[in-house]
Amino acid sequence: KQEVTQIPAALSVPEGENLVLNCSFTDSAIYNLQWFRQDPGKGLTSLLLIQSSQREQTSGRLNASLDKSSGRSTLYIAASQPGDSATYLCAVQTGANNLFFGTGTRLTVIP
Amino acid sequence: DTGVSQDPRHKITKRGQNVTFRCDPISEHNRLYWYRQTLGQGPEFLTYFQNEAQLEKSRLLSDRFSAERPKGSFSTLEIQRTEQGDSAMYLCASSERTGAYTEAFFGQGTRLTVV
């Protein structure tokens, strides 16, 4: 069964700092990997999707990388802002039609 | 169409009552998913529809749970004889199959509290 792990579970950084969130998965036979943001009590907002044939995707201050063979992905956030405070979830899609999620990294950006 | 819509946003019910949630996917999306999320955890898959056909169900979906997607449009998730352990956020997502590119878009969720 696919297992997804996210490290660290929580992270606090001062505003302006660059940071990296980590995601690992046990089964490298994935179709794609998706990063989401979740604000407290809210649904999920899709940030980036990386197809299995891709190495990275960028959107604004966000850059996600994928190393499928080693079962790892990173989400890089540049010049963090207080508005980036949220829980970040990584999810992989396998041959089945559902997503397997990690437990998330709770990010706090301190003004 | 601005995204996946879920109703209600919050539901408080007494143990033993039945509840029903609704999800309206993005209009051109033929795939619809239900997930459940408990506090501090990532979402867990419950069930999946392609058009009106329910193609996959998780073992988490006990026989008290039933989901439908009539005519391949909106979907409903019903929980019968609710238990306190059913308290969670219920999330709906939709996607459009385009080759292997299946970005999932989520709604705001329905938070269920069973008292």
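Note on naming: letters A, B, ... go to the chains in the order of the sequence lines (proteins, then strands), and numbering restarts at 1 for each one. All of these numbers come straight from a predicted model, not from anything done at the bench.
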task = Check each atom of A:Leu44 against the heavy atoms of chain B and say whether the ones under 4.5 Å are side chain, backbone, both or neither.
result = both
key: Heavy-atom side-chain contact between B:Leu77 and B:Thr20 under 4.5 Å   = no
query = Under a 4.5 Å heavy-atom cut-off, does chain A meet the side chain of B:Glu44, its backbone, both or neither?
reply = neither
task = Against chain B, label A:Gln6 side chain, backbone, both or neither, depending on which of its atoms sit under 4.5 Å from a heavy atom there.
result = neither
task = Considering only NZ, NE, NH1 and NH2 on the basic side and carboxylate oxygens on the acidic side, decide whether B:Arg9 and B:Asp7 come within less than 4.0 Å.
result = no
ask   = Is the shortest side-chain N to carboxylate O distance from B:Asp86 to B:Arg64 below 4.0 Å?
value = yes
inquiry  = How about CG on B:Leu55, more than 12 heavy atoms from neighbouring residues, nucleotides or ligands closer than 6.0 Å, or not?
reply    = yes
